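Everything on this sheet refers to the single structure shown next.
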Amino acid sequence: MKSEPDVFSIEDLRDRPNQTEPWDGVRNYQARNFMRDEMKIGDQILFYHSNTTPPGIAGIAEVASEPYPDPTAFDKKSKYHDPKSDPEKPRWILVEVKFKSILPNYVSLDEMKEMPELQEMRVLQRGNRLSITPVSAKEFKAILKAGGA
DNA sequence: GCCAACGTTGGC
DNA sequence: GCCAACGTTGGC
């Protein structure tokens with residue numbers, strides 16, 4: 001899961017009450033579908049810092065709730081407000097994520113590109129802008145190892 | 001700050 | 001249903 005650290009970083013997640021945060025504001029159907037259909041409580045998450053120097057994997061989190069409607073879609077004051085999301089038939093769905101750890105070694109995007117295990121990884125593919133993508137067990141382990149965890 | 005890539009919108 | 005226009009993402 002990608003996040004811009006200026007907006008919400010792995011440190012912000014660590015410092016949250018219960019170290020848990022609803023992953024709100026996702027407004028892309030594919031990313032929503034991953035949260036709604038694929039994620040299960042306890043699934044491990046690579047926390048990726050985007051739009052920063054350098055971008056890369058900063059830490060580990062895990063899925064901490066069932067999927068439920070994103071309340072910011074109904075909040076007129078939220079920058080994520082979506083008038084087309086009807087509370088009776090919510091368009092946007094989120095899960096909560098819980099802090100697990102900050103990697104001892106930050107794994108930069110440049111390093112990831114050099115790792116043979118990660119050549120198929122979605123975030124490395126050209127032009128990929130999806131903020132949530134599936135990660136294979138092989139990829140996950142390779143990141144953990146490179147990250148010193 | 002630039003800009004390529006991509007998703008969404010809306011006129012037709 | 002097509003596609004031009006537009007807005008956003010995110011590496012650089």
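Owing to the predicted nature of the structure, the values given are computational and were not obtained by experimental measurement. Within every chain, numbering begins at 1; the chains are lettered A, B, ... in the order of the sequence lines, protein sequences first and strands thereafter.
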*asked:* According to ring pair (Phe, Tyr, Trp, His ring centres under 6.0 Å), who are the partners of A/Y29, at least two apart in sequence or on a separate chain?
replied: A/W92
*Value in whole Å for how far the P atom of C/dG11 lies from CE of A/M121*: 12 Å
*Between atom OH in A/Y80 and atom C1' in C/dT9, what is the gap in whole Å?*
13 Å
*asked:* At under 4.0 Å between heavy atoms, how does the protein contact nucleotides 2-8 of chain C? Give one character per nucleotide, 5' to 3', with B, S or -.
replied: -----BB
*Between C/dT9 atom P and A/N28 atom CG, what is the distance in whole Å?*
10 Å
*Distance in angstrom units between A/D110 CG and C/dG11 P, rounded*: 11 Å
*Give a yes or no answer on whether the side chain of A/R32 reaches the backbone of A/R91 with a donor-acceptor pair at less than 3.5 Å.*
yes
_From CG of A/L109 over to C1' of C/dC12, roughly how many Å is that when rounded to an integer?_
11 Å
_Separation of C/dG10 P from A/I132 CD1 (nearest whole Å)_ = 11 Å
_Validation row: A/I132, A/M39 side chains within 4.5 angstrom (heavy atoms)_ = yes
*In whole angstrom, what separates A/K2's NZ from C/dG10's C1'?*
7 Å
*Among side-chain atoms of A/R27 and A/T72, is any donor-acceptor pair under 3.5 angstrom?*
yes
_Assess whether a salt bridge exists between A/E62 and A/K100, defined as any Lys/Arg side-chain N lying under 4.0 Å from an Asp/Glu carboxylate O._
yes
_Heavy-atom nearest nucleotide on DNA chain B for A/Q30 versus A/N51: which residue maps closer to 5'?_
A/N51
*Would you mind reading off the distance between A/M112 atom CE and C/dG11 atom C1', rounded to a whole angstrom?*
13 Å
*With sequence neighbours left out, which residue pairs that include part of residues 42-91 of chain A fulfil the ring pair (Phe, Tyr, Trp, His ring centres under 6.0 Å) condition?*
A/W23-A/F47, A/F47-A/H49
